[in-house]
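Here's the structure we're looking at; comments come further down.
Counting starts at 1 for both ligands and their atoms, following the listed order. From a predicted model like this one, the values you see are computed outputs, not experimental measurements.
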Amino acid sequence: MTEKLYPPQHVAIILDGNGRWAKQRGLPRLLGHKAGSDNIHRVAGLFANYGVKYLTLYMFSTENWNRPEGEVNGLLKLLAEKIDSETQTFHKANIKLKHLGKLDGLSPQLRQKIKVATELTKNNTGLILCLAFDYGGRDEIVEAVQRLISDGVSPMGIDETRFSQYLFSSDIPDPDLIIRTGGEMRLSNFLLWQAAYSELYFTPVLWPDFGPKEIEDAFLDYRQRQRRFGRL
Ligand code: IPE
Ligand code: IPE
Ligand code: MG
């Protein structure tokens, strides 16, 4: 790297392409998910080294429940294993873990693991790593509306700031840069509210192969963008 890259404050990534990565190698899809989950630690460290403050990883959507049962169970198992094996490492690296998404569809054991990991790391001051798991942007918006109503907030009491406070992401800023691996150019229900002015970057590289070179390319591209937020 020749010049200093001024990193975005919040990078959010749609981790796509695990299945195709496995298929290219003649392996079962779950081994692609395993390779993908092994890449999380490496990538989080790289972003932390760049000085990125928030990294959000989209790992399982509310629509991914519609996949075959074996794949869904495999993904849930991988998440549980990852939390078990990595939480201490993240903690030692001063990383604060956060979960974005629904909890009620997850098993009590998995919910407990998420609770323990977020509790343990809650005072850490380094990278804030948000794992979007059983996350859907539409679901997040509907749940926010439900909670506003049940809190008795009057229609006139709702504005954009208030509404944002009811989202899963209430304590994190909107993403500056959203990266999607795997070549598809869509959001697939990711951060629909928060992405209003995010820069979008798509790469054909499959998630298990996403590494330092791809991060540098994404940052170089981001640096060329002129963010106007509707102004001139
Ligand atoms: C992303 O990889 C992980 C999840 C969506 C859970 P995919 O499983 O979507 O991989 P492809 O898109 O089939 O290659
Ligand atoms: C998006 O990937 C969801 C996650 C990466 C968690 P998908 O593979 O589910 O998206 P589609 O179905 O191609 O839009
Ligand atoms: Mg996919």
Legend entry - Worked check of salt bridge (Lys or Arg N to Asp or Glu O under 4.0 Å) between E86 and K82: CA-CA 6 Å; E86 299 289 343; K82 226 25 309 139; 3.6 Å; yes
Legend entry - Proximity of F190 to ligand 2 by residue part, where a heavy atom lies under 4.0 Å: neither
Inset, instruction - Would you check whether G17 reaches within less than 4.0 Å of ligand 1, judged by its heavy atoms? - result: yes
Inset, instruction - Apply salt bridge (Lys or Arg N to Asp or Glu O under 4.0 Å) to K122 and E119, showing your working. - result: CA-CA 5 Å; K122 71 174 182 202; E119 194 57 32; 2.7 Å; yes
Inset, instruction - Return yes when at least one N/O/S atom of D16 is nearer than 2.8 Å to the Mg ion (ligand 3), and no when none is. - result: yes
Inset, instruction - Please report the shortest heavy-atom distance between F47 and I13, naming the atom on each side. - result: CE1-CD1, 3.7 Å
Which pairs of donor and acceptor atoms, one on a side chain in residues 199-207, lie under 3.5 Å apart (sequence neighbours left out)?
{"unit_1": "E199", "atom_1": "OE1", "unit_2": "R225", "atom_2": "NH1", "d": "3.0"}
{"unit_1": "T203", "atom_1": "OG1", "unit_2": "V205", "atom_2": "N", "d": "3.2"}
{"unit_1": "W207", "atom_1": "NE1", "unit_2": "G36", "atom_2": "O", "d": "2.8"}

Legend entry - Min N/O separation N18 to ligand 1 under 3.5 Å: yes
Legend entry - Atom indices of ligand 1 within 4.0 angstrom of R20 heavy atoms, with elements: 11 (P), 12 (O), 14 (O)
Inset, instruction - Check step by step if side-chain contact (heavy atoms from CB on, under 4.5 Å) holds for W21 and L31. - result: CA-CA 9 Å; W21 185 93; L31 286 185; 5.5 Å; no
Inset, instruction - Could you find the nearest protein heavy atom to atom 9 (O) of ligand 2 and give me its residue, atom name and distance? - result: N64 ND2, 2.9 Å
Inset, instruction - May I have the step-by-step check of side-chain contact (heavy atoms from CB on, under 4.5 Å) for E143 and K102, ending in yes or no? - result: CA-CA 9 Å; E143 286 201 25; K102 291 165 86 73; 3.2 Å; yes
Legend entry - Option of least heavy-atom distance to atom 10 (O) of ligand 1 (set: S61, G183, S188, G19): G19
Legend entry - Taking atom 1 (C) of ligand 1 as the reference point, the nearest protein heavy atom with its distance: L15 O, 2.9 Å
Inset, instruction - Just jot down the ligand 2 atoms closer than 4.0 angstrom to any heavy atom of R186, in number order. - result: 11 (P), 13 (O), 14 (O)
Inset, instruction - Using the six-membered ring wherever Trp is involved, compare the ring planes of F60 and W65 and label them parallel, tilted or perpendicular (cut-offs 30° and 60°). - result: perpendicular
Inset, instruction - Among all protein heavy atoms, pick out the one at the shortest distance from atom 2 (O) of ligand 2; state its residue, atom name and that distance to 0.1 Å. - result: R180 NH2, 3.6 Å
Legend entry - Pair F168 + H99: ring centers closer than 6.0 Å: no
Legend entry - Shortest protein heavy-atom distance from atom 3 (C) of ligand 2, along with the residue and atom involved: Y58 CE2, 3.7 Å
Inset, instruction - Classify the ring geometry between F190 and Y58 as parallel (under 30°), tilted (30 to 60°) or perpendicular (over 60°). - result: parallel
Inset, instruction - Look at atom 7 (P) of ligand 1 and say which protein heavy atom is nearest, naming residue and atom and giving the distance to 0.1 Å. - result: D16 OD1, 3.5 Å
Inset, instruction - Under 4.0 Å, heavy atoms only, figure out whether ligand 1 is touched by the backbone of R67, its side chain, both or neither. - result: side chain
Inset, instruction - Report yes or no: does H33 have a heavy atom closer than 4.0 Å to ligand 1? - result: yes
Legend entry - Protein contact of atom 6 (C) of ligand 1 - nearest heavy atom, named by residue and atom, plus distance: M59 O, 3.3 Å
Inset, instruction - Answer yes if a protein heavy atom lies under 4.0 Å from atom 12 (O) of ligand 2, otherwise answer no. - result: no
Inset, instruction - Assess whether side-chain hydrogen bond (donor to acceptor under 3.5 Å, both in side chains) is satisfied between S198 and D174, documenting all intermediate values. - result: CA-CA 7 Å; S198 303; D174 291 344; over 6 Å; no
